[in-house]
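Report on the structure given below.
Not measured: the values here are computed from a predicted model.
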There are 2 protein chains.
Amino acid sequence: MSRSEDLRLIALAEFASAGYAATSLQRIADLVGASKASVLYHYDSKEQLLEAALAPALDDLSALIDATAASGLDLAHRAAFVERFVDYLLEHRQVVHLVINQGATLEDVPVMQSALVQMRRVADLFDLAAGSPVERLRYGIALGGAAYCLAAARQLDVVEEEPEILRAGLLAVISELLLPIADPAR
Amino acid sequence: MSRSEDLRLIALAEFASAGYAATSLQRIADLVGASKASVLYHYDSKEQLLEAALAPALDDLSALIDATAASGLDLAHRAAFVERFVDYLLEHRQVVHLVINQGATLEDVPVMQSALVQMRRVADLFDLAAGSPVERLRYGIALGGAAYCLAAARQLDVVEEEPEILRAGLLAVISELLLPIADPAR
DNA sequence: CAGCAACCTGACCGATCGGTCAGGTATGGT
DNA sequence: ACCATACCTGACCGATCGGTCAGGTTGCTG
């Protein structure tokens with residue numbers, strides 16, 4: 001794995017767990033075993049490093065949304081979407097955690113602005129604007145709760161070592177929360 | 001309201017929304033309309049300001065846990081506890097959000113260490129250690145989801161202006177998640 | 001062998017951080 | 001009127017930040 005790939009992955013882990021502001025370039029350099037100037041050789045700035053860290057997950061989310069928006073999210077497709085979305089959360093847990101917890105304070109960073117737009121598009125798939133406050137609560141609890149569980153999997157003693165059990169459990173609870181949300185086509 | 005009270009409340013809001021590391025003493029001073037040295041006149045350090053900001057919520061949580069631990073959390077008491085816990089989350093949403101999202105990186109700060117211990121005591125009331133991974137997921141989704149919803153109430157368009165509707169909705173969904181967790185007395 | 005590109009680093013920059021301190025102001029009590 | 005206390009602030013400190021740059025190393029190509 002190349003040095004720039006290493007940097008991107010380690011930066012994401014630190015940005016997600018410690019916070020973007022609390023993660024210095026020096027810290028990332030130390031973790032990677034290089035100098036701060038080397039970090040800035042590969043990425044023009046701390047902000048560009050954040051952009052590189054988020055980009056793959058945002059591309060995947062955009063693809064997921066585009067595929068879903070075409071067919072709509074009526075009841076026939078709801079369960080399938082929830083399953084794909086849970087898989088997305090499992091695969092990109094650090095980015096999701098980062099965006100929903102630090103997004104508001106980083107919204108003047110272009111890539112984070114873009115990420116927040118994508119998250120709103122997911123919410124829009126459920127047509128939450130037309131729904132009740134309880135439906136929006138269900139959605140928020142599902143999203144925020146899943147993100148928290150995946151970020152804090154170790155502290156919650158949720159079996160990271162058995163990803164199929166984690167996936168099945170997460171899918172069951174998230175489905176319970178999201179499937180009852182009213183069919184937007186009604 | 002006194003200056004030190006002002007400082008404590010504004011510091012909490014900033015620590016919760018922007019992050020402890022990203023919130024400077026200068027920033028808090030600016031928001032309060034005083035000098036940085038004035039902030040440090042009232043609180044000996046940034047860390048002591050954090051301690052003052054968290055203390056009331058931690059006291060309330062400790063009281064809630066103590067009251068519950070006496071009677072245990074069997075099914076007869078489960079619903080009542082969940083209701084009191086939801087009220088606690090509503091009242092101390094900023095502290096809860098701060099502790100569960102930044103707690104891990106601030107665990108060498110004594111007050112945060114104490115906060116994390118309290119949060120584990122809440123989890124212990126449900127005897128999650130003896131439960132299944134799905135039960136721990138339900139608990140984590142409830143806690144993390146509620147914290148996220150309350151912190152992001154505006155973005156989720158959850159009616160902050162009608163706190164009774166918010167409370168009723170939150171209570172309904174959190175109860176749905178937590179009441180099925182197995183009776184620890186069984 | 002020379003030249004070039006990619007990669008890397010130590011030293012340095014201005015800005016901001018958390019915190020200290022001497023000195024000023026206002027208020028209340030004697 | 002004087003003294004004590006609470007409150008406040010500007011200037012300053014050492015440390016660290018994000019970032020720049022000159023110079024070095026390595027490997028590849030003609």
> Out of D:dC7, D:dC17, C:dC17, which has the shortest distance to the side chain of A:Ser24?
Replying inline: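 Nearest listed nucleotide: D:dC17.
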> D:dC17, C:dG10, D:dG10: which one has an atom nearest the side-chain heavy atoms of A:Ser35?
Replying inline: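 Among the listed nucleotides, the one closest to the side chain of A:Ser35 is C:dG10.
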Using atom [atom1] of [X] as one end and atom [atom2] of [N] as the other, report the distance to the nearest whole Å.
| X | N | atom1 | atom2 | value |
| --- | --- | --- | --- | --- |
| B:Glu14 | C:dC17 | CD | P | 13 Å |
| A:Leu50 | D:dG18 | CG | P | 13 Å |
| A:Leu7 | C:dC8 | CG | C1' | 12 Å |
| B:Arg27 | C:dG18 | CZ | P | 13 Å |

Look for any protein N or O under 3.5 Å of an N or O in nucleotides 19-22 of chain D and output each such pair with its distance, or none.
from, atom 1, to, atom 2, distance (Å)
D:dG19, OP2, A:Lys46, N, 2.7
D:dG19, O6, A:Lys36, NZ, 3.2

Phosphate OP1/OP2 of [N] contacted by [X] side-chain N/O (<4.0 Å):
| X | N | answer |
| --- | --- | --- |
| A:Ser38 | C:dT9 | yes |
| A:Tyr41 | C:dC7 | yes |
| B:Arg3 | D:dC8 | yes |

Residue pairs, two or more places apart or on separate chains, that pass salt bridge (Lys or Arg N to Asp or Glu O under 4.0 Å) and touch [range]:
| range | answer |
| --- | --- |
| residues 95-123 of chain A | A:Asp66-A:Arg121 |
| residues 86-96 of chain B | B:Asp87-B:Arg167, B:Arg93-B:Glu160 |
| residues 33-58 of chain B | none |

>> For B:Asp30, give me all partners under side chain to side chain donor-acceptor pair (under 3.5 Å), at least two apart in sequence or on another chain.
In response: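 Counting only residues at least two positions away or on another chain, B:Asp30 forms a side chain to side chain donor-acceptor pair (under 3.5 Å) with B:Gln26.
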> With sugar-phosphate meaning primed atoms plus P, OP1 and OP2, does A:Ser4 contact a base, only sugar-phosphate, or nothing at under 4.0 Å between heavy atoms?
Replying inline: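 It contacts nothing in the nucleic acid.
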> Base, sugar-phosphate, or nothing: which does B:Thr23 touch, judged by heavy atoms less than 4.0 Å apart?
Replying inline: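 Sugar-phosphate contact only - B:Thr23 comes under 4.0 Å of backbone atoms but never of a base.
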> Would you call the rings of A:Tyr88 and A:His92 parallel, tilted or perpendicular if under 30° counts as parallel and over 60° as perpendicular?
Replying inline: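 Ring orientation, 0 to 90° scale: tilted.
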> Under the ring-ring contact (aromatic ring centres under 6.0 Å, His included) test, which residues partner B:Tyr20, sequence neighbours left out?
Replying inline: B:Phe15
